[in-house]
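Please read the structure below before turning to the comments.
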Protein chains: 2
Amino acid sequence: MDVKTLCLGLLSLEDACGYELKKRCEARFQHFFSAGYGSIYPALAELAEAGLVEDRAAAGDGRADRKVYRITAAGREHFRRSLHTMTPQHKLRSEFLAMLYFADLLDTERLNTVVDERLQELRRTESHIAGVERELGRDAPAGARFVAGFGVALARVAADYIEEHRHLLLERSPARQPEKAAAPARAARRPLDLTGSLP
Amino acid sequence: MDVKTLCLGLLSLEDACGYELKKRCEARFQHFFSAGYGSIYPALAELAEAGLVEDRAAAGDGRADRKVYRITAAGREHFRRSLHTMTPQHKLRSEFLAMLYFADLLDTERLNTVVDERLQELRRTESHIAGVERELGRDAPAGARFVAGFGVALARVAADYIEEHRHLLLERSPARQPEKAAAPARAARRPLDLTGSLP
DNA sequence: CATTACATGTAAAAGGTTACATGATTCG
DNA sequence: CGAATCATGTAACCTTTTACATGTAATG
């Protein structure tokens with residue numbers, strides 16, 4: 001599901017202009033999807049060209065003029081069909097975890113800064129989604145509640161794991177320690193085979 | 001951290017050819033990073049051009065000839081520096097969660113299939129990383145153990161949450177139920193404002 | 001008066017995925 | 001003997017990110 005499809009989905013719930021769409025993405029999907037103006041505006045233009053949405057100019061009383069998009073019957077049908085057709089991916093790319101994998105190469109201060117920042121972000125996310133969750137009444141769509149609950153649960157566990165295990169990252173492995181002691185730096189390298197179970 | 005930097009990192013642990021690098025990514029980083037040949041081979045070429053790695057041809061006894069890459073002193077320094085310079089991102093893009101947000105629009109069968117498949121994937125991932133973790137001895141780098149433990153913990157919680165809460169997705173919200181009863185389909189739409197707390 | 005929020009776009013660049021092209025060897 | 005594994009690469013394509021360009025209005 002690309003930004004285009006997600007916009008269509010959001011428009012299936014409520015009319016909006018591009019700017020609002022971005023705000024809604026941030027509010028609801030913060031923890032698992034992001035979209036910038038650079039992808040939203042072109043996406044809306046393509047949707048309109050395909051007849052899946054229509055736009056009407058709305059004079060912003062006070063604010064700037066807006067272009068409000070409304071989904072068409074064809075758009076609704078298209079979205080529903082794409083939900084049934086696509087194979088939903090779930091992709092994580094974490095430079096944070098990649099970095100920690102090489103924790104041996106980081107000095108203590110840097111390591112602590114990075115971990116602290118990630119922790120803050122996770123706690124912020126956790127409380128933000130918890131807030132969203134609270135505002136959803138019993139009559140809110142099941143999906144919205146499920147997704148919010150999922151986000152809270154995951155953020156909490158991630159933060160807890162990091163807090164409970166971060167101390168392990170400071171126990172430098174004996175194999176690399178010698179470098180500090182002016183050793184020739186290459187002689188001590190013992191290539192561990194971590195290839196793992198599968199291939 | 002792009003594929004280029006990650007390759008450099010892997011080469012800081014052990015010499016390898018492009019093919020091996022991909023296998024190692026899959027084995028160790030499966031749950032938070034992916035890289036195809038289409039990004040690894042060009043990355044290695046660029047690293048070599050920049051003098052951060054060197055390659056020597058290795059006659060594959062039996063197998064095809066390989067190009068084995070070894071990190072240079074400059075490469076080691078570059079990698080260490082980039083670990084200290086970069087701002088580590090953590091990006092999740094989940095079409096799965098996006099889809100569940102719109103669970104109202106899915107028929108029961110489709111919903112169950114999608115959820116079951118995600119669950120299987122999570123359980124596979126969980127046991128795979130747990131396997132990797134078991135093979136890491138006490139002398140393995142702290143980062144490798146931390147990252148594996150993190151992966152197991154998260155995969156477990158994600159799967160558990162889904163199993164415990166999936167039933168909620170089948171309770172269709174009353175606001176959308178009328179569609180089944182041949183209602184005009186648009187009249188009943190009550191646009192809930194889910195904009196959320198922040199902006 | 002300055003900054004933030006509202007509002008819409010474009011263009012270039014970066015990056016990754018997919019498909020293609022090729023070939024040896026091993027395993028069942 | 002056919003399939004899977006090992007092995008290297010290229011090129012087109014798709015998407016997203018970033019930077020740019022512009023302007024109003026509310027807020028502090």
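Proteins come first, then strands; the chains are lettered A, B, ... in the order of their sequence lines, and each starts at number 1.
The shortest distance between the side-chain N/O atoms of Lys67(B) and the OP1/OP2 oxygens of dG9(D) is below 4.0 Å. Checking the phosphate oxygens (OP1, OP2) of dG16(C), no side-chain nitrogen or oxygen of Lys91(A) falls inside 4.0 Å. One finds no side-chain N or O of Ser39(B) lying less than 4.0 angstrom from the OP1 or OP2 phosphate oxygen of dT18(C). Applying the 4.0 Å criterion to OP1 and OP2 of dG15(C), one finds that Arg93(A) has every side-chain N and O outside that range.
Between Tyr41(A) and Tyr19(A) the shortest side-chain heavy-atom distance falls below 4.5 Å.
Using a 30° and 60° split on the angle between ring planes, Phe32(A) and Phe29(A) fall in the tilted class, from 30° to 60°. Aromatic ring pairs are classed by plane angle as parallel below 30°, tilted from 30° to 60° and perpendicular above 60°; the pair His167(A) and His165(A) is parallel.
At the heavy-atom level, Gly18(A) lies under 4.0 Å from the strands shown only through sugar-phosphate atoms.
Defining each end axis of the helix from dC1(C)-dG28(D) to dG28(C)-dC1(D) as the rotation carrying four pairs' C1' atoms onto the next four, with five pairs an end, the two axes are found to diverge by 50° to 10 degrees.
With Arg81(A) as the fixed residue, the side-chain hydrogen bond (donor to acceptor under 3.5 Å, both in side chains) test singles out one of His78(A), Glu77(A), His84(A): Glu77(A).
The shortest non-hydrogen separation linking Gly75(B) to Leu8(B) is O-CD2, 3.6 Å.
Between the OH atom of Tyr69(B) and the P atom of dA7(D) there is a distance of 14 Å, rounded to whole Å.
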Just do the salt bridge (charged side-chain N to carboxylate O under 4.0 Å, His left out) check on Asp2(A) and Arg93(B) with the steps written out, would you? CA-CA 10 Å; Asp2(A) 49 15; Arg93(B) 163 152 302 196; over 6 Å; no
